[in-house]
Amino acid sequence: MLPNIVIFLSGFVFSIGLAASGMTQPEKVISFLDFVGNWDPSLVMVLLGAVVTYFISQRLILKRDSGVFGDKFQLPTRMDIDTPLVAGAAMFGVGWGLVGFCPGPALVSGVTGNPQVLTFVLSMSLGMYLFGSLHLRYSSEPDGGASPLDAIAVRST
């Protein structure tokens, strides 16, 4: 029960950070990505804050022998850059630039009940489901190949 409470609180704090930083405002994100137009550089501070927080906290956390609620850390092990990764990153970037939402801020904004946001979240969820289903069905590997979640392997501590 306690791990679920911590997970919920972590997500709640993250969502507050997304809202407070302006990441849930599509027009602000689009202005940030519009380098040649009316560029709004304020989200650079969000980016720098995230990088610095990650840089420091990852080093502190990995000094531990295990996680607080588990006996192992789960870290990505794949280091290669392949076509699906590049294609997915490109589609993510184009989608983010077109509508100003990425998945996390869209989910946070979903609590507003705004029909445009809910349409985005529904479309995103449907796209993720269809990709997973098609990838599993048409992959050349017997088990459907590695899903993005399979790229995360359990690292022994």
Side-chain angles (χ1 to χ4, degrees), residues 1-26 28-33 35 39-97 99-111 117 120-121 124-136 139-157:
M1 182 68 173
L2 185 59
N4 290 336
I5 292 172
V6 171
I7 290 168
F8 175 79
L9 291 175
S10 298
F12 185 72
V13 169
F14 183 62
S15 66
I16 290 173
L18 289 172
S21 67
M23 292 291 291
T24 57
Q25 302 170 21
K28 187 171 187 73
V29 172
I30 290 172
S31 293
F32 173 69
L33 297 173
F35 298 112
W39 187 50
D40 176 6
S42 63
L43 291 183
V44 169
M45 297 307 294
V46 175
L47 176 66
L48 290 175
V51 169
V52 169
T53 301
Y54 175 78
F55 184 82
I56 294 170
S57 63
Q58 185 200 31
R59 278 146 184 81
L60 292 175
I61 289 170
L62 292 181
K63 285 183 179 179
R64 300 176 50 93
D65 293 331
S66 65
V68 175
F69 297 114
D71 57 347
K72 298 176 183 175
F73 288 113
Q74 296 183 359
L75 299 171
T77 56
R78 287 189 57 183
M79 302 299 283
D80 58 321
I81 298 174
D82 58 3
T83 303
L85 176 66
V86 172
M91 289 191 314
F92 176 89
V94 168
W96 196 35
V99 298
F101 269 135
C102 62
L107 290 174
V108 172
S109 296
V111 298
V117 174
F120 177 86
V121 171
M124 175 184 72
S125 300
L126 182 62
M128 294 167 76
Y129 174 77
L130 287 174
F131 174 80
S133 296
L134 293 173
H135 184 69
L136 186 63
S139 175
S140 60
E141 298 177 32
D143 64 350
S147 75
L149 294 178
D150 292 335
I152 299 174
V154 176
R155 184 182 126 196
S156 299
T157 56

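- The minimum heavy-atom distance linking V117 with A106 is given by the pair CG1-O, 3.6 Å.
- Put simply, CD1 on I61 and CD1 on I56 are 11.5 Å apart, with the number rounded to the nearest 0.5 Å.
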- Task: Kindly indicate, with the supporting measurements, whether the criterion side-chain contact (heavy atoms from CB on, under 4.5 Å) is fulfilled by V121 and F101.
- Result: CA-CA 10 Å; V121 171; F101 269 135; over 6 Å; no
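- M23 and V29 make their closest contact through O-CG2, 3.8 Å (heavy atoms, listed as atom of the first residue, atom of the second, distance).
- Counting only residues at least two apart or in different chains, salt bridge (charged side-chain N to carboxylate O under 4.0 Å, His left out) contacts with residues 39-54 comprise K28-D40.
- Around atom CZ of F12, no more than 12 heavy atoms belonging to other residues, nucleotides or ligands sit under 6.0 Å away.
- Considering all non-hydrogen atoms of both residues, C102 and F92 come closest at CB-CZ, 3.4 Å.
- Within a 6.0 Å sphere centred on OH of Y54, other residues, nucleotides and ligands contribute 12 heavy atoms or fewer.
- Heavy atoms of other residues, nucleotides or ligands lying less than 6.0 angstrom from CD1 of I81 number 12 at most.
- Looking at F69 and I7, their side chains never come closer than 4.5 Å, going by heavy atoms from C-beta outward.
- Judged by distance alone, with hydrogens and angles left aside, the side-chain atoms of R64 form no donor-acceptor pair with the main-chain N or O of L60 at under 3.5 Å.
- Taking each heavy atom of L33 and G97 in turn, the nearest pair found is CD1-CA, 3.6 Å.
- Considering only heavy atoms from C-beta on, L62 comes within 4.5 Å of L75 through its side chain.
- Residue-environment remark: CZ (F35) exceeds the threshold of 12 foreign heavy atoms within 6.0 Å.
- Atom OG of S133 sits about 9.5 Å away from atom CG of L126, to the nearest 0.5 Å.
- Partners of F32 according to the side-chain contact (heavy atoms from CB on, under 4.5 Å) rule, which considers only residues two or more places apart in sequence or in another chain, are W39, L43, V44.
- Residue T24 comes nearest to S109 through the heavy atom pair CB-OG, 3.2 Å, listed as atom of the first residue, atom of the second, then distance.
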